[in-house]
Amino acid sequence: MSLRIKAVVDKFVQELKEALDADIQDRIMKEREMQSYIQEREREVAEREAAWKAELSRREAEIARQEARLKMEKENLEKEKSVLMGTASTQDNQDGALEITKGNMSFEFSVKLLLSLSIFCLEDVFGRGRGLLGTTAFCVESTKLQGRRNLLHDKAKSCGRFNVKTFGAVADDRTDNSNAFRAAWKKACNSTGRVNLVIPNGTYLLGPVKFAGPCPKVSYLTVRMKGYLKATTDLFKYGFSSGWIEFGWMEGLTLTGGGTFDGQGAHAWPYNNCITDSNCKLLPTNLKFVAMNKTVVRGITSVNSKLFHIALVGCHNFKGSKIKISAPAKSPNTDGIHIERSSSVYFSRSHIGTGDDCVSIGQGNSQVTIKASVVDLVMASEDVSGLVVRDCIMTGTMNGIRIKTCPNSPGRSAATNMTFENIVMRNVTNPIIIDQSYCPFTSCTSMAPSKVKLSDIYFKNIRGTSSSEVAVALECSKGTPCQNINLEDVHLDFSSGDKRATSMCRNVRAKFTGTQIPPPCS
């Protein structure tokens with residue numbers, strides 16, 4: 001009897017040791033990942049600091065040259081003025097007034113030098129703006145010498161700050177300010193160095209506006225949006241598949257300021273017939289980013305978009321944080337964030353609540369990270385890799401983590417290397433779901449098996465409650481079964497009644513480790 005007890009104890013000790021070793025290894029891996037992430041961020045900071053130091057040195061050298069040139073031209077002006085004054089003093093002037101004449105030409109001197117110091121911000125070097133006092137520009141009023149030549153011919157240089165009200169914008173909630181915003185953007189985009197486009201407090205009515213680049217002489221362009229922008233409800237003003245506010249084809253944009261983009265979607269949602277008509281005309285997206293690089297969006301709000309709230313198409317190195325997105329539960333196709341053909345995308349510390357997908361990942365994406373308090377997440381379509389979703393809270397939604405592909409998808413493609421980790425579900429109908437028979441319309445012409453291959457997908461530390469009995473549904477394609485689907489430490493309780501939550505699997509090779517509630521499906 002004692003030998004049997006000893007064997008049981010030894011087995012328990014061994015299992016405990018193995019579990020501890022596994023936990024230690026996992027912690028070591030996470031620590032290494034964190035160290036790697038910190039080192040990468042430190043390298044980025046060092047590179048940006050070096051770039052700014054080089055830019056400061058260049059500007060200081062330019063300022064020194066301007067000062068020397070202005071000093072020389074001022075000395076030449078004084079010399080010429082002395083010569084002219086000496087000539088005038090020898091002439092008879094009965095009225096006692098000084099009139100300098102030569103061959104019926106008159107000379108007017110108006111010299112005014114204004115040296116200005118301006119503040120520019122080293123934003124995003126450490127993740128926030130920091131003021132640095134520098135001599136960034138000479139604002140020079142030209143000296144006019146009529147009839148002979150201009151001794152000082154420099155025009156006033158822009159000091160890099162453009163306010164939309166200067167270009168005619170009116171914050172009265174009635175005037176269409178589209179042209180004023182376009183004019184302000186054009187001036188800012190054609191400026192030099194670090195530029196700020198300011199949208200001050202107030203309510204501005206806007207039609208569709210494209211803020212397009214490239215802006216070749218601008219190093220960083222910051223849009224400080226403090227106002228409340230309202231989209232026109234006249235749908236005839238929008239093009240097909242367009243955005244209401246669209247940024248495109250530029251590098252180094254920061255959109256911040258705490259302002260709000262109101263799509264006034266309630267006027268347009270009744271015209272959304274895409275559920276019944278696959279050839280429907282798409283309504284405009286609130287904020288659209290096309291072919292952007294090194295973009296930062298921080299602290300803005302999007303409400304009641306006619307279609308998607310924020311869409312990324314062909315963007316790289318995109319960082320979004322502290323974003324608030326909201327639309328009514330029954331608003332159609334009001335996806336919070338849609339990402340397509342983009343890479344190195346990072347969203348964090350944001351709250352999203354819409355009538356459709358809060359985050360949808362389309363085709364052609366890689367290295368996408370989502371860390372947000374969201375209400376739904378959908379992974380769609382094809383050609384997706386390197387997606388990471390972690391530290392999220394999903395509350396009262398139809399779907400939690402959903403991976404969907406359509407039947408009879410054209411060509412073979414893959415969605416692989418995706419991780420969903422540390423996610424809390426609060427009364428979610430479908431907390432974990434893979435659906436490779438997804439049909440977005442009322443009916444689909446073909447239900448042939450999907451050709452999208454799903455593999456290397458990890459669900460880790462998913463916990464909370466399910467409002468339906470089936471908490472985990474892995475329904476993969478019969479033609480291309482899912483491979484290497486991993487569920488680790490999943491604890492999802494059925495939120496109503498005494499029944500336990502269940503799981504369902506079809507055409508999938510899944511691995512289950514750690515806590516598994518509901519029990520693994522076969």
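Computation of the quantities below employed the complete heavy-atom set of this structure, encompassing side-chain atoms and omitting hydrogens, waters and symmetry-equivalent molecules.
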Flag for [Y]-[X]: side-chain donor and acceptor within less than 3.5 Å:
{"X": "Arg509", "Y": "Asn484", "result": "no"}
{"X": "His316", "Y": "Ser344", "result": "no"}
{"X": "Asn399", "Y": "Asn430", "result": "yes"}
{"X": "Ser495", "Y": "Thr465", "result": "no"}
{"X": "Asn163", "Y": "Thr166", "result": "no"}
{"X": "Thr405", "Y": "Gln436", "result": "yes"}
{"X": "Asn422", "Y": "Asn461", "result": "yes"}
{"X": "Asn179", "Y": "Asn177", "result": "no"}
{"X": "Ser467", "Y": "Thr429", "result": "yes"}
{"X": "His309", "Y": "Ser302", "result": "yes"}

Would the distance check show the side chain of [X] and the main-chain N or O of [Y] forming a donor-acceptor pair, the cut-off being under 3.5 Å?
{"X": "Lys306", "Y": "Gly263", "value": "yes"}
{"X": "Asn286", "Y": "Phe261", "value": "yes"}
{"X": "Ser477", "Y": "Ser450", "value": "yes"}
{"X": "Ser178", "Y": "Leu206", "value": "no"}
{"X": "Thr222", "Y": "Asn196", "value": "no"}
{"X": "Gln264", "Y": "Ala231", "value": "yes"}

[X] [atom1] to [Y] [atom2] distance, which is reported to the nearest 0.5 Å:
{"X": "Tyr204", "Y": "Asn201", "atom1": "OH", "atom2": "CG", "result": "7.5 Å"}
{"X": "Ile462", "Y": "His491", "atom1": "CD1", "atom2": "NE2", "result": "13.0 Å"}
{"X": "Thr395", "Y": "Ile393", "atom1": "OG1", "atom2": "CD1", "result": "6.5 Å"}
{"X": "Ile325", "Y": "Thr301", "atom1": "CD1", "atom2": "OG1", "result": "9.0 Å"}
{"X": "Ser366", "Y": "Ile361", "atom1": "OG", "atom2": "CD1", "result": "11.5 Å"}
{"X": "Ile457", "Y": "Cys482", "atom1": "CD1", "atom2": "SG", "result": "6.0 Å"}

>> Checking Val472 against Leu492 for the side-chain contact (heavy atoms from CB on, under 4.5 Å) test, could you report, in this order, the C-alpha distance in whole Å, the side-chain angles of both residues, the deciding distance, and whether it holds?
In response: CA-CA 9 Å; Val472 178; Leu492 296 168; 4.2 Å; yes
> For Cys439 and Cys406, is the interatomic SG distance under 2.5 angstrom?
Replying inline: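 No; the two sulfurs sit 2.5 Å or more apart.
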>> Applying side-chain contact (heavy atoms from CB on, under 4.5 Å) to Asn486 and Glu488, what does each step give before you reach the verdict?
In response: CA-CA 6 Å; Asn486 298 268; Glu488 178 182 336; over 6 Å; no
> Do other residues, nucleotides or ligands put more than 12 heavy atoms under 6.0 Å from Arg182 CZ?
Replying inline: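 For Arg182, atom CZ is crowded (more than 12 foreign heavy atoms under 6.0 Å).
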Looking at [Y] and [X], is there a salt bridge between them, counting it only when a charged N and a carboxylate O are closer than 4.0 Å?
{"X": "Asp391", "Y": "Lys371", "value": "yes"}
{"X": "Arg390", "Y": "Glu421", "value": "yes"}
{"X": "Arg402", "Y": "Asp435", "value": "no"}
{"X": "Asp357", "Y": "Lys404", "value": "yes"}

> What orientation do Phe181 and Phe211 show, parallel under 30°, tilted 30 to 60°, or perpendicular over 60°?
Replying inline: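 Ring orientation, 0 to 90° scale: tilted.
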> Looking only at heavy atoms, what is the nearest atom pair of Ser360 and His338, with distance?
Replying inline: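 So the two residues come closest at OG-ND1, 2.7 Å.
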> Taking all non-hydrogen atoms of both residues, which atom of Ala501 and which atom of Ala471 are closest, and how far apart?
Replying inline: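 Closest approach of Ala501 to Ala471, heavy atoms only: CB-CB, 4.0 Å.
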>> Using side-chain contact (heavy atoms from CB on, under 4.5 Å), reason through Leu283 and Asn272 one step at a time and then give a plain yes or no.
In response: CA-CA 7 Å; Leu283 295 173; Asn272 187 336; 4.1 Å; yes
> Is there a side-chain contact between Met418 and Ile403 (heavy atoms, below 4.5 Å)?
Replying inline: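 Sidechains of Ile403 and Met418: in contact.
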>> Can you confirm whether or not the ring centre of Phe289 sits under 6.0 Å from the ring centre of Phe318?
In response: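 Between Phe289 and Phe318, the centre distance is under 6.0 Å.
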>> If you apply the rule side-chain contact (heavy atoms from CB on, under 4.5 Å), what do you find for Ile245 with Thr285, and how did you get there?
In response: CA-CA 8 Å; Ile245 305 295; Thr285 295; over 6 Å; no
